[in-house]
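These notes are about the structure you will find just below.
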Amino acid sequence: RAKVDIVSNKIRQPLVAGNWKMNGNAALVADFNEKLNAVQCETNVVICSPSTLFHHFAGDSFSIGAQNVSHLDNGAHTGELSLEMIKDAGCRYAIVGHSERREEHQESNELVALKAKKCVEAGVTPIICVGE
C-alpha cells in the first residue's frame with residue numbers, strides 16, 4: 001500500500017526491483033513482457049537487466065533500470081554506461097552501490113554517493129544499495 005512520507009508529505013509507492021545480474025536473453029524478456037503487462041498492481045516494478053536487453057522490453061506496467069551507471073558524463077571509459085546513455089535506452093532507475101560493485105570494483109561510499117547525486121541531477125532515480 002502507498003504510504004505518506006512524514007518528511008515530505010508525499011505519497012510513496014512501494015517499489016520492487018529485480019536485478020537480473022549477468023543473466024537473461026531476448027526470449028526471457030518476451031516472457032516477462034507478456035506476464036508483467038497482464039498484471040495490474042499498485043506497486044512500482046523495475047527490471048534491472050543487462051544493458052544488451054533494454055531495447056527488448058515493452059510495456060507500461062513496469063520500468064527499466066540499469067544495473068550500474070558511471071559517475072562520468074562521457075569519454076574513453078570502456079564498458080561504462082553514462083546517465084545519458086541509460087536514459088536514451090529508456091531507463092528511469094539505476095542501481096548504485098551494489099555489494100558486488102563495491103567488492104569486485106572497490107567502489108567506495110563516496111563514489112556511490114556521487115553516482116546517486118548525478119542520477120538525481122539527471123532525473124534518474126537511484127536505487128542505493130547499503131548492505132547485503
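- Hydrophobic clustering (ILVMFWY, side-chain heavy atoms < 4.5 Å, transitive): Leu81 and Leu111 are in distinct clusters.
- Screening residues 47-68 for salt bridge (Lys or Arg N to Asp or Glu O under 4.0 Å), with sequence neighbours left out, gives no hits.
- The minimum heavy-atom distance linking Cys91 with Ala66 is given by the pair SG-N, 3.8 Å.
- Atom CD of Glu80 has more than 12 heavy atoms from other residues, nucleotides or ligands within 6.0 Å.
- Both Ile95 and Leu15 belong to a single network of hydrophobic side chains, linked directly or stepwise wherever heavy atoms of I, L, V, M, F, W or Y lie under 4.5 Å apart.
- For residues 116-131, the set of pairs meeting the salt bridge (Lys or Arg N to Asp or Glu O under 4.0 Å) definition, not counting sequence neighbours, comprises Asp73-Lys118, Lys117-Glu121.
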- Query: Step by step, would you call Val69 with Val124 a side-chain contact (heavy atoms from CB on, under 4.5 Å)?
  - Reply: CA-CA 10 Å; Val69 68; Val124 172; over 6 Å; no
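- To the nearest 0.5 Å, the span separating NE2 on His98 from CG on Asn68 amounts to 10.5 Å.
- Cluster membership for Phe54 and Val29, using ILVMFWY side-chain heavy atoms within less than 4.5 angstrom, is shared.
- Residues Val46 and Ile64 are not in side-chain contact: their nearest non-hydrogen atoms beyond the backbone lie 4.5 Å or more apart.
- Proximity of a side-chain donor or acceptor of Arg102 to a complementary backbone N or O of Gly97 within less than 3.5 Å is detected.
- We find the SG-CG distance between Cys48 and Leu53 to be 12.5 Å, quoted to the nearest 0.5 Å.
- Within the structure, ring pair (Phe, Tyr, Trp, His ring centres under 6.0 Å) pairs that include any residue of residues 18-50 comprise Trp20-Phe32, Trp20-Phe57 (at least two apart or interchain).
- Closest heavy-atom contact between Lys87 and Ala122: NZ-O, 2.5 Å.
- There is no path of hydrophobic side-chain contacts, each under 4.5 Å, that joins Tyr93 to Val45.
- Residues passing the salt bridge (Lys or Arg N to Asp or Glu O under 4.0 Å) test with Arg101, sequence neighbours excluded: Glu107.
- Residues Thr43 and Pro14 are in side-chain contact: their nearest non-hydrogen atoms beyond the backbone lie under 4.5 Å apart.
- In this structure, the side chain to side chain contact (heavy atoms under 4.5 Å, CB included) partners of Asn37, at least two apart in sequence or on a different chain, are Asn33, Ser61, Phe62.
- Under a hydrophobic clustering in which Ile, Leu, Val, Met, Phe, Trp and Tyr are joined whenever their side-chain heavy atoms come within less than 4.5 Å, directly or via other members, Leu28 and Ile47 fall into the same cluster.
- Between Gln67 and Asn19, the side chains place a donor N or O and an acceptor N or O closer than 3.5 Å (distance only, hydrogens not considered).
- For residues 17-34, the set of pairs meeting the salt bridge (Lys or Arg N to Asp or Glu O under 4.0 Å) definition, not counting sequence neighbours, comprises Lys21-Glu100, Asp31-Lys35.
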- Query: Can Asn25 and His56 be said to form a side-chain contact (heavy atoms from CB on, under 4.5 Å), step by step?
  - Reply: CA-CA 9 Å; Asn25 56 34; His56 291 287; over 6 Å; no
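- Separation of atoms NE2 (His71) and OG (Ser82) is listed at 12.5 Å; rounding is to 0.5 Å.
- Using a 4.5 Å heavy-atom threshold, the side chains of Cys119 and Thr125 count as separate.
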